[in-house]
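The sequence lines fix the lettering, A, B, ..., with proteins before strands; numbering per chain opens at 1.
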Amino acid sequence: MTLSKNFEHQINENKWYSHWLDKQYFKSTPDERTPYTIVMPPPNVTGVLHMGHCLNNTIQDILIRQARMKGFNACWVPGTDHASIATEAKVVAMLRERGIAKSSLSRDEFLSYAWEWKEKYGGIILQQLKKLGCSLDWDRTTFTMDKDYYDSVINIFMDLYKKGVIYRGKRMINWDVKALTALSDEEVIRKETRQKLYHLNYSIEGTNDNITIATVRPETIMGDAAICVHPDDERYKHLHGKFAIVPLINRRIPIIADDYVAMDFGTGALKVTPAHDVNDYALGQKHQLEIVDIFNDNGTLSEDAQIYIGLDRFEVRKKIAIELEEKGYLIKTEEYTSEVGYSERTDVVVEPRLSMQWWLSMKDISSPALKAVMEEEIKFYPPKFKNVYRHWMENIKDWCVSRQLWWGHRIPAWYHESGKFVVAKNEKDAIAVFETEHHISNAVLKQDEDCLDTWFSSWLWPFEVFKGYSNPNNADINYYYPTNTLVTAPEIIFFWVARMIMAGYEYMDVKPFQEVYFTGIVRDKQGRKMSKSLGNSPDLLELIDQYGADAARFGIMIASPAGNDILFDEAALEQGRNFNNKIWNALKLIKMWEARQTLEATNENDFAINWFENRLSEVSIEVEQMMKQFKLSEALKTIYTLIWDDFCSWYLEWVKPGFEQPIQSNVYTKTIEFFTDLMQLLHPFMPFISEEIYHQLEERSDDLCVRLLAEKESPNQTQLDQGILLKQVISGIRDVRNKQQMKPKDSIKLFIQTENKRVFESLISILSKQVNANEISFANDVVPNSFTSVIGKDKFYILTEQPIDLSTQKSALEKELNHLKSFLISVEKKLSNEKFTQNAKQEILDLEYKKKADAEMKINIIELSLKDMAG
RNA sequence: GGGAGUUUAGCUCAGUUGGUUUAGAGCAUCUGCCUUACAAGCAGAGGGUCACAGGUUCGACUCCUGUAACUCCCA
């Protein structure tokens, strides 16, 4: 069978993924093995795969595949999140395109459209993960609005209500005027925004006097309840207790004093609008100010504004500024940059608003979660996120859990026309509870129209995917929980990670996972975050198509240490593709040997085999260590070097038979073994090509995907050192050849002057192949008319047919000599320092003496060579 | 305004408790090669006052203080 020119990724990806599925390798059921469990952070049900998912899921797949090959019962659970606000927004947009307004639909009608949408588009992202090679247990796919999951969310809401942790209250919240819902603080993105600071004159009642305030929101003056100045501000002391008149609407408001006001900001006088600003609200509460809400839900002005009724807040800002200027109230405007809150989902400016919502009191529920991370019951990688976590947890505020949306888990609260309400699972229960609590029979109750925040369902994920709450103590939850590793982006440490830890302790009495690996954020080459609006997010599926899934995985993993942002560069995928090509070509070479073997035995390849065996052990152990510390990109780099440099560039060249010569069969067998081990090391990172090669190397009945990794013995250091020496010698001689502009075809005669003849005797056949020497012998003295290379303690004389020009050689040696001399001086300086010899540890001292001796010896060798050249 | 982090070759990053031949990779660059696995390749080379200024120490990329720039989180 002839092999294709390159690795054909499209064919192989489909072939192997369906084979793995057929064999049910990714399926996990509890058994006597130790479990290794990961729950996938559920992507939005309507989402599509982007670079962030690619990074995240590649990491998880590497961990899970490695665990599987190490003999754990590996279980990786997929699923999707209903993503209340994002999905509802998409459904609303879809309906609008069809000419249907959400307001024209009943709740049930809307929800049936939403489910239709979910069935049609939901789970596309899961299909895309298969393209990446993710080894998920698909039978366990969970959706946050599955029946059992839904019930658990509602039951937990009721339980927390019963415990008194959930309450209803009117508070300042972040209002999204586009999605028409409340947002939690975490859903508000602050961005530096250029604005104008307007200086406005308010007249003082009963005088001709004025007071000037500075505001960025002139459209809210109709909601003003007071003007506030600092009590110590001399400029305004005479105005305390007086009243000002709001321009345009002529409302009378008090002038109050509070040290909250910064005297040096603006004019030192602050307009107070309690209904539309968090700080003003607090100030209003303190001074018992009137609350005038001038906005409608959608950000237009309400009747209470008296003017500009029905116009949008930003339009009013422009118009009112003009009117204020025309009427002489606007003194001046200045440019001003400050942070403004935007909705994470709709990107509109968030409106602080007073609203009746459901809240979860966080203080008690969060304390075990804080402790768990601080005491490393749950470990964070990298650990710097412990600080971030602690800071948030110690200043935690209550969680607004209600959203004014229909798509999600409907709040199980029931209201009576009297305003009294109860929390119950369904209408029947609600009526019963209502009767006993309020002694009103035949009550007509209406369920709360609102939904719960999406994260109020996601925080149950690690246990509810195993039905740990809906079906307590079932076999799965007892076996798989707590899970092992959570892999997620640092952006959602508060949204999700912290809350899962809380829910885990609250409902399972146990942590949800042992460790959390925080990935970086994927940015473009210029360091900008990837986003739809910037259009800098490449189409991942296209990239997979072009370069292959293995190359995509390689490209994204090669430069992404835990917690560091990764700068995505397509060049890295190219590197991955080239790596595929390299591996494929090594296969082609070995395949050429297959039919041309000989049983004739020589020992000339013993060194190569011995060395590579040790090198393989060394690297396997290193990789194992790196994986334990989540140094995944370093582990991949190490494997890359082992395959490309050590295996392809050195080992294969060393054992490669001459043109059309046979290979010894034992060498062939060993080489297949090595290649197999290499593919096994690589498999978690690049599953497709490694599986394909595994099967190309030999007829096999098993698959690499589930082949158990053998423990490696620790390597023989002497063997490894000899390998290093051999490489140095080869490079050194090649360097001389290069500098003398010898053609690869020109052969040389090599003379070795060494005290270690035995070592070099075993290397002769490799050396002659690698430096194209037709004769190698040992010398006891300088060989005349030759080029010299000094490597370690040994000298190499190179004889060629070419006319000899020693000038380049001479200057190179002189350069080296200078370097060595100054090195020697620095060592001698150190050793002549009494304090050093007194204080340094013996091993450090020994080392310095060795450095000195080595340097002196080399200087001696080089000086001899130079002398010889001169003569 | 408060907190955390980063700063090492043109780019992306390693550098373990201070001492390991006067700082290591990969990519990019340069030179030479169409050498029978691979030009998506081979061989070799060059490139760094470890952000800056002090300090501790026999010895600092590594520890301490300050400064600057950038990033993130919180208000």
Side-chain angles (χ1 to χ4, degrees), chain A residues 3 5-7 185-186 190 262 278-279 339 382 384-392 395 397 490-491 493-494 521 523 525 527 547 551 558-561 563-569 571-572 574-593 625-626 629 631 633-634 636-638 640-641 644-645 648-649 652-653 656 658-660 730-739 741-745 770-772 792 819-820 822-827 829-841 843-848 850-855 858:
Chain A
L3 287 168
K5 185 170 188 298
N6 292 325
F7 174 63
D185 290 344
E186 289 73 27
R190 283 163 202 284
V278 181
N279 296 315
E339 296 215 313
K384 67 177 177 187
F385 287 108
K386 268 173 78 173
N387 280 332
V388 181
Y389 180 84
R390 186 183 62 212
H391 194 254
W392 188 74
N395 297 288
K397 294 197 201 102
E491 299 163 291
I493 184 169
F494 309 130
I521 294 165
R523 297 172 182 279
K525 249 167 134 178
Y547 295 97
I558 195 68
S560 56
N564 271 28
D565 287 358
I566 92 156
L567 298 191
F568 178 79
D569 188 349
E574 221 172 292
Q575 197 187 344
R577 184 201 55 192
N578 295 353
F579 186 36
N580 270 342
N581 188 37
K582 186 73 190 177
I583 297 169
W584 192 251
N585 273 296
L587 174 74
K588 276 162 71 181
L589 175 68
I590 290 169
K591 278 298 182 190
M592 283 171 58
W593 298 344
Q625 286 305 316
M626 288 170 182
Q629 299 163 56
K631 294 181 171 177
S633 60
E634 264 190 80
L636 177 57
K637 266 182 214 167
T638 308
Y640 176 81
T641 308
W644 197 305
D645 296 343
C648 294
S649 297
L652 289 179
E653 294 297 335
K656 190 180 188 175
F659 185 54
E660 292 193 336
I730 293 170
S731 294
I733 296 171
R734 280 174 175 171
D735 185 29
V736 173
R737 293 186 56 119
N738 247 324
K739 293 222 165 88
Q741 300 184 320
M742 289 184 213
K743 294 253 159 62
K745 280 178 188 150
Q770 293 277 280
V771 301
N772 191 13
H819 173 260
L820 281 168
S822 54
F823 175 68
L824 183 64
I825 289 170
S826 79
V827 175
K829 210 168 141 193
K830 225 188 236 183
L831 284 169
S832 62
N833 183 335
E834 258 179 55
K835 282 187 175 169
F836 171 69
T837 46
Q838 278 163 16
N839 291 323
K841 277 184 256 164
E843 48 206 272
I844 305 294
L845 269 174
D846 289 348
L847 194 79
E848 291 301 318
K850 187 168 179 299
K851 279 188 201 173
K852 184 172 181 250
D854 285 355
K858 276 192 201 164

All N/O contacts under 3.5 Å from nucleotides 16-24 of chain B to the protein, with atom names and distances to one decimal?
unit_1 : atom_1 : unit_2   : atom_2 : d
B:rU21 : N3     : A:Asp854 : OD2    : 3.2
B:rU21 : O4     : A:Lys850 : NZ     : 2.8
B:rU21 : O4     : A:Asp854 : OD2    : 2.6
B:rU22 : OP2    : A:His819 : NE2    : 3.4
B:rU22 : O4     : A:Ser822 : OG     : 2.4

Shorter than 3.5 Å, N or O on both sides, protein versus nucleotides 40-43 of chain B: list them out with atom names.
unit_1 : atom_1 : unit_2   : atom_2 : d
B:rA40 : O4'    : A:Asn578 : OD1    : 3.3
B:rA40 : O2'    : A:Asn581 : ND2    : 2.7
B:rA40 : N6     : A:Asn6   : ND2    : 3.3
B:rA40 : N3     : A:Arg577 : NE     : 3.2
B:rG41 : OP1    : A:Asn578 : ND2    : 3.2
B:rG41 : O3'    : A:Lys582 : NZ     : 3.3
B:rC42 : OP1    : A:Lys582 : NZ     : 2.7
B:rC42 : OP1    : A:Trp644 : NE1    : 2.7
B:rA43 : O3'    : A:Arg734 : NH1    : 3.2

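Contacts of A:Lys852 classified as side-chain hydrogen bond (donor to acceptor under 3.5 Å, both in side chains), with partners at least two apart in sequence or in another chain: none. Remark: A:Lys851 engages A:Glu848 in a salt bridge (Lys or Arg N to Asp or Glu O under 4.0 Å) (not counting sequence neighbours). The side-chain hydrogen bond (donor to acceptor under 3.5 Å, both in side chains) check on A:Asp735 picks up A:Lys739, with sequence neighbours excluded. Under the salt bridge (Lys or Arg N to Asp or Glu O under 4.0 Å) criterion, A:Lys656 pairs with A:Glu653, not counting sequence neighbours. In this structure A:Tyr389 satisfies the ring pair (Phe, Tyr, Trp, His ring centres under 6.0 Å) test together with A:Phe380, sequence neighbours excluded. Taking the ring pair (Phe, Tyr, Trp, His ring centres under 6.0 Å) definition, one finds that A:Phe823 meets it with nothing, sequence neighbours left out. With sequence neighbours excluded, the residues satisfying salt bridge (Lys or Arg N to Asp or Glu O under 4.0 Å) with A:Lys850 are A:Asp854. Taking A:Lys745 as the reference, nothing meets the side-chain contact (heavy atoms from CB on, under 4.5 Å) condition, with sequence neighbours excluded. Every residue meeting the ring pair (Phe, Tyr, Trp, His ring centres under 6.0 Å) condition with A:Phe7, not counting sequence neighbours, appears here in chain and number order: A:Trp584.
Sequence order on RNA chain B of the closest nucleotides to A:Thr641 and A:Ile730 puts A:Thr641 first from the 5' end. Comparing A:Ile558 and A:Lys637 by the nucleotide of RNA chain B whose heavy atom lies nearest to each, the residue mapping closer to the 5' end is A:Lys637.
Across B:rC58, B:rU12, B:rG5, the shortest atom-to-atom separation from the side chain of A:Leu567 is found for B:rU12. Relative to the side chain of A:Asn387, the nucleotides B:rA37, B:rU35, B:rG5 differ in distance, and B:rG5 lies closest. The nucleotide whose nearest atom lies closest to any side-chain atom of A:Phe494 is, among B:rC73, B:rG15, B:rC27, B:rC73. Picking from B:rC58, B:rA45, B:rC73 the nucleotide with the shortest atom distance to the side chain of A:Lys835 gives B:rC58.
Rounded to an integer number of Å, the gap from CZ of A:Arg390 to P of B:rC73 is 19 Å. In this structure, A:Lys743 atom NZ and B:rC34 atom C1' are separated by 14 Å, rounded to whole Å. The nearest whole Å value for the distance from the NZ atom in A:Lys739 to the P atom in B:rG32 is 14 Å. For A:Lys745 and B:rU36, the NZ to C1' distance is 11 Å, given to the nearest whole Å. Rounded to whole angstrom, the span from the CD atom of A:Gln625 across to the P atom of B:rA14 amounts to 19 Å. Rounded to whole angstrom, the span from the CD atom of A:Gln838 across to the P atom of B:rU57 amounts to 15 Å. Distance, A:Met742 CE to B:rU31 C1': 16 Å, rounded to whole Å. One can place CG of A:Leu3 at 19 Å from P of B:rU36, the figure rounded to the nearest angstrom.
Distances shorter than 4.0 Å separate none of the side-chain N or O atoms of A:Tyr389 from OP1 or OP2 on B:rC74.
Comparing the P positions of B:rG24 and B:rG41 gives a spacing of 26 Å, expressed to the nearest Å. For B:rC63 and B:rU56, the C1' atoms lie 8 Å apart once the distance is rounded to whole Å. Taking atom C1' in both B:rG10 and B:rG46, one finds a spacing of 13 Å when rounded to whole Å. Distance check on atom P: B:rA51 versus B:rU62 gives 8 Å, rounded to whole Å. On the C1' atoms, B:rG26 is 24 Å away from B:rU71, given to the nearest whole Å.
Residues A:Ala840 and A:Leu845 approach most closely at O-CD1, 4.2 Å, considering heavy atoms.
In this structure, the separation between SG on A:Cys648 and CG on A:Leu589 is 8.5 Å, given to the nearest 0.5 Å. Within the model, atoms CD of A:Glu491 and CD1 of A:Ile521 stand 4.0 Å from one another, a figure rounded to the nearest 0.5 Å.
Other residues, nucleotides and ligands contribute more than 12 heavy atoms inside 6.0 Å of the CD atom of A:Gln625.
Residue A:Lys852 is out of contact with every strand shown, counting any heavy-atom pair closer than 4.0 Å. Residue-level contact check: A:Lys656 touches the bases, meaning some heavy atom is under 4.0 Å from a base atom.
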Applying the Watson-Crick and G-U criteria (both distances under 3.5 angstrom) with [ ] for crossing and | for other-strand pairs, one obtains for RNA chain B (((((((..((((.....[....)))).(((((.......))))).....(((((..]....)))))))))))).
